[in-house]
Amino acid sequence: MNQMPVQNVICRIKSREIFTDRIFALRVKAKDGCIFDHAPGQYAIISLPSDDSHDPRPYSIASMPDTNELVFHIKDVGRGLSHALMNAPEGTEVALEYPLGSAVYRPKKSPIIAIGGGLGLAPILPIIRTALKDDPSHDVFLYHGAAKESDLYLDEKLKSMCKTYPHLEYKGVIEDIDGTVGAIAAAAHDDLSNFNAYLSGAPAMVIACFKALEEKGLDIKNTISDALSGEIKDFV
Ligand SMILES: Cc1cc2nc3c(=O)[nH]c(=O)nc-3n(C[C@H](O)[C@H](O)[C@H](O)COP(=O)(O)OP(=O)(O)OC[C@H]3O[C@@H](n4cnc5c(N)ncnc54)[C@H](O)[C@@H]3O)c2cc1C
């Protein structure tokens, strides 16, 4: 996967899809109509040129590369940029510093275990979609951890994706009820020594996941995560 040089791109908000009362998808299109060419797993730093009261923030790219639009999945925390993006009208300009991050898809034949905590699901989506597009018989085990059921915001879509791709297994984990997503994922596997892992979410959650999976043989060299590499210190 080629790594693009970082660019500044001015976009406009094209549409918004509401998933839950707090979580939405923001679709943006470049003003110059350019094709976006990130590696699956990367993120962009977004700012609102019309309102500099909000600091720029990083958001993972939830959409596939090679289209003229980008999709972000954003949790409105009731303040800051996420709240402003939830309320900005369609057509509002957003500035992107793009693409960033090195926790990207590695095209390998090994089975994949992918864990997203909360909005950490967003960068995992283009990764597993690319793996399955390249080879629909690639074994992919996807876990989404959330505090409550309504935060499993793509539950139905991911279940239906499993019907399209029989080699994709998905489990939504409600952590308050089921236990931690790392423990649930680890319990489902006997030997992860030949797996590639993609872990995304709050650093503490990612570290806990890695420790649980390591007990089943997961090798850190086969584990791709911004949080684990120390690149990311914070996440909602
Ligand atoms: C690499 C990277 C990728 C990221 N990708 C995404 C992504 O894809 N989607 C996404 O939504 N976020 C993502 N984030 C987090 C995002 O960058 C912002 O930190 C987040 O949107 C909050 O910024 P803000 O300006 O809206 O809020 P701020 O004004 O910065 O306020 C944030 C503060 O709100 C408080 N807070 C946090 N959660 C809640 C809550 N649930 N309710 C009330 N208060 C809360 C906390 O005190 C937190 O420090 C990512 C972060 C990183 C580092």
Side-chain angles (χ1 to χ4, degrees), residues 3-4 6 11 13 15-28 36 38-65 69-88 92 94-105 114-129 142 144-154 157-158 174-176 181 198-207 209 223-236:
Q3 293 267 352
M4 289 260 299
V6 179
C11 299
I13 295 179
S15 62
R16 198 181 278 100
E17 181 184 356
I18 306 297
F19 292 131
T20 74
D21 59 338
R22 309 281 299 268
I23 302 172
F24 62 99
L26 187 78
R27 184 176 293 271
V28 305
F36 292 104
H38 52 277
Q42 289 193 291
Y43 65 91
I45 293 182
I46 302 185
S47 56
L48 269 178
S50 60
D51 182 357
D52 61 7
S53 63
H54 306 296
D55 289 333
R57 297 279 182 236
Y59 292 98
S60 303
I61 300 163
S63 52
M64 295 286 275
E69 295 176 358
L70 287 181
V71 178
F72 300 92
H73 293 174
I74 299 177
K75 181 175 193 173
D76 175 2
V77 302
R79 52 184 270 192
L81 186 65
S82 61
H83 192 58
L85 291 171
M86 174 66 183
N87 292 296
T92 300
V94 293
L96 304 187
E97 193 183 333
Y98 157 101
L100 297 161
S102 56
V104 301
Y105 173 60
I115 304 183
L119 273 295
L121 178 65
I124 297 286
L125 294 172
I127 289 173
I128 64 163
R129 285 200 170 114
L142 170 65
H144 183 203
K148 55 184 197 295
E149 192 170 4
S150 60
D151 288 341
L152 295 176
Y153 65 95
L154 288 186
K157 283 187 182 161
L158 291 170
I174 307 164
E175 295 205 306
D176 288 350
V181 66
Y198 295 90
L199 310 178
S200 172
M205 167 261 160
V206 167
I207 290 163
C209 278
T223 307
I224 296 108
S225 164
D226 279 337
L228 219 53
S229 67
E231 199 171 322
I232 299 301
K233 306 267 185 261
D234 202 6
F235 203 96
V236 173

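We count residues from 1, following the sequence as given. None of these values were measured; they are calculated from a predicted model. In what follows, every heavy atom counts, from backbone to side chain, and hydrogens, waters and symmetry copies are set aside. Each ligand, and each atom within it, is numbered from 1 in the order the structure gives.
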Show, in sequence, the C-alpha distance, side-chain angles and deciding distance for Tyr98 and Phe36, and conclude whether the ring-ring contact (aromatic ring centres under 6.0 Å, His included) test is met.
CA-CA 9 Å; Tyr98 157 101; Phe36 292 104; 5.3 Å; yes
I'd like to check which ligand 1 atoms, numbered from 1 as shown, lie under 4.0 Å from a non-hydrogen atom of Arg57.
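It comes down to these atoms of ligand 1: 17 (O), 18 (C), 19 (O), 23 (O), 24 (P), 25 (O), 28 (P), 29 (O), 30 (O).
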Taking only heavy atoms of His73 into account, list the atoms of ligand 1 that are under 4.0 Å away from them.
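Taking each heavy atom of His73 in turn, ligand 1 has 7 (C), 8 (O), 9 (N), 10 (C), 11 (O) under 4.0 Å.
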From [atom], work out which of [options] has a heavy atom at the shortest distance.
atom                    : options                    : answer
atom 39 (C) of ligand 1 : Val77, Leu121, Ile61       : Val77
atom 26 (O) of ligand 1 : Ala122, Ser82, Ala147      : Ser82
atom 40 (C) of ligand 1 : His54, Arg22, His83, Met86 : Arg22

Between ligand 1 and Asp226, can you find any atom pair, the residue atom being a heavy atom, that is separated by under 4.0 Å?
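Distance cut 4.0 Å: Asp226 fails for ligand 1.
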Within the structure, is a non-hydrogen atom of Tyr59 found at a distance of less than 4.0 Å from ligand 1?
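Contact check Tyr59 vs ligand 1: positive.
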Look only at interatomic distance and state if Leu119 has a nitrogen or oxygen under 3.5 Å from any nitrogen or oxygen of ligand 1.
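Checking ligand 1 against Leu119, no N or O pair falls under 3.5 Å apart.
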Answer yes or no: does an N/O atom from Ser60 fall short of 3.5 Å to an N/O atom of ligand 1?
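Min N/O separation from ligand 1 is below 3.5 Å for Ser60.
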Lys/Arg-Asp/Glu bridge criterion (N-O < 4.0 Å) met for Glu97, Arg57
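Result for this pair is no, no salt bridge flagged.
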What do you reckon, is CD of Glu69 surrounded by more than 12 foreign heavy atoms closer than 6.0 Å?
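Yes, the 6.0 Å shell around CD holds more than 12 heavy atoms from other groups.
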Would you give the length of the straight line joining atom CZ of Arg27 to atom CG of Leu70, rounded to the nearest 0.5 angstrom?
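If I round to the nearest 0.5 Å, the distance is 9.5 Å.
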Is it true that His144 and Tyr153 share a donor-acceptor pair across their side chains at a distance under 3.5 Å?
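Their side chains do not contain a donor-acceptor pair, so the 3.5 Å distance test is not met.
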Between Ile18 and Met86, is there a side-chain heavy-atom distance shorter than 4.5 Å?
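Met86 vs Ile18: side chains touch.
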Centroid-centroid under 6.0 Å between Tyr43 and Tyr59 rings
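That pair fails the under 6.0 Å test.
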